[in-house]
Amino acid sequence: MASIPEAVHDLFEKATFAHLATMTPTGYPHVTPVWIDYDAETGHLLVNTERERRKTKNVEANPKVGVSMIDPDNPYRFLSVFGDVEEITTDGARAHIDVLAQRYVGEDEYPNPIESERVVLRIAPERVFSGP
């Protein structure tokens, strides 16, 4: 597993949006903006979503993903990752979305209705690119 350079860890401390690319069953890419997090202890990128969303269904069939993010304060500073979703888990997913809501929208709790079940996609980086 590749590591995320320390020089870009701060991207996970502010409201940095990422784009998650998954593959649909018909072979087309599905790219969606997502809130992103990083587990520094394990080295995994974390995407919190719902069980019934297209991206979850896509990674259940094909765990290969791409993640791209740019620094909201400097659009020339970026992180791009190719990797595999190693786990789809409900453990801590509800509490995790509240943590992300604090970072991204300044709310103590996730403000949108949950339509199915919150899950966390744990992405193991295989190739990492960052700059400048």
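Smallest separation of non-hydrogen atoms from Ala93 and Arg118: CB-O, 3.4 Å. Nearest approach of Ala101 to Pro111, heavy atoms of both residues: CB-CD, 4.3 Å. Across all non-hydrogen atoms, the minimal contact from Ala2 to Glu126 is CB-O, 3.5 Å. Between Pro72 and Ala15, the closest heavy-atom pair is CG-O, 3.9 Å.
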| task | Apply side chain to side chain contact (heavy atoms under 4.5 Å, CB included) to Arg54 and Thr22, showing your working. | result | CA-CA 9 Å; Arg54 175 81 264 158; Thr22 62; 5.8 Å; no

| message | Let's go through Lys57 and Glu60 carefully: what are the C-alpha distance in whole Å and the side-chain angles of both, what is the deciding distance for salt bridge (Lys or Arg N to Asp or Glu O under 4.0 Å) to 0.1 Å, and is it a yes or a no? | response | CA-CA 5 Å; Lys57 294 178 183 300; Glu60 287 173 338; 5.6 Å; no

| said: Before you tell me yes or no, could you show the steps for Asn48 and Val119 under side chain to side chain contact (heavy atoms under 4.5 Å, CB included), namely the whole-Å CA-CA distance, both residues' side-chain angles and the distance that decides it to 0.1 Å? | reply: CA-CA 6 Å; Asn48 193 305; Val119 296; over 6 Å; no

| Candidate pair Thr90 and Arg51, rule side-chain hydrogen bond (donor to acceptor under 3.5 Å, both in side chains), full reasoning | CA-CA 9 Å; Thr90 58; Arg51 172 85 58 202; 5.2 Å; no

| field | Criterion side chain to side chain contact (heavy atoms under 4.5 Å, CB included) on Met23 and Lys64, from CA distance to verdict | value | CA-CA 8 Å; Met23 296 303 290; Lys64 303 228 175 281; over 6 Å; no

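The structure places OG1 of Thr49 at 10.5 Å from CD of Glu52, a figure rounded to the nearest 0.5 Å. To the nearest 0.5 Å, atom CD of residue Glu50 and atom CG of residue Asn112 are 9.0 Å apart. Between His44 atom NE2 and Asp37 atom CG the span is 13.0 Å, to the nearest 0.5 Å. To the nearest 0.5 Å, atoms OG1 (Thr16) and CZ (Arg77) are separated by 8.5 Å. If you take CE on Met69 and OG on Ser80, they are separated by 10.5 Å, rounding to the nearest 0.5 Å. Of the inter-residue distances, the one linking Asp98 atom CG with Asp108 atom CG reads 8.5 Å to the nearest 0.5 angstrom.
Taken together through direct or relayed side-chain contacts under 4.5 Å among Ile, Leu, Val, Met, Phe, Trp and Tyr, Leu121 and Ile97 form part of one hydrophobic cluster. Hydrophobic cluster membership is shared by Val47 and Val85, with clusters built from Ile, Leu, Val, Met, Phe, Trp and Tyr side chains linked at under 4.5 angstrom. Residues Val34 and Val8 share a hydrophobic cluster, clusters being chains of Ile/Leu/Val/Met/Phe/Trp/Tyr side chains in contact below 4.5 Å. Placement of Leu11 and Val105 within a single hydrophobic cluster is found when ILVMFWY residues are connected by side-chain heavy-atom separations under 4.5 Å, directly or transitively.
At least one side-chain heavy atom of Arg94 sits under 4.5 Å from a side-chain heavy atom of Ile114. Between Tyr38 and Leu79, every side-chain heavy-atom pair lies at or beyond the 4.5 Å cut-off. When side chains are defined from C-beta on, Leu45 counts as touching Ile4, because their heavy atoms get closer than 4.5 Å. Contact of the Ile88 side chain with the Val59 side chain is registered, since non-hydrogen atoms from C-beta on lie closer than 4.5 Å.
Here the side chain of Asn74 pairs a donor or acceptor atom with the backbone of Tyr76 at under 3.5 angstrom.
Ring centroids of Phe129 and Phe78 are separated by 6.0 Å or more, keeping the two rings apart.
Side-chain polar atoms of Thr42 and Arg122 form a donor-acceptor pair below 3.5 angstrom.
For the side-chain contact (heavy atoms from CB on, under 4.5 Å) test with Leu20, the passing option among Ile36, Ile123, Val31 is Ile123; the others fail.
Using the six-membered ring where Trp is involved, Tyr110 and Trp35 have ring planes that are perpendicular, over 60° apart on the 30 and 60° scheme.
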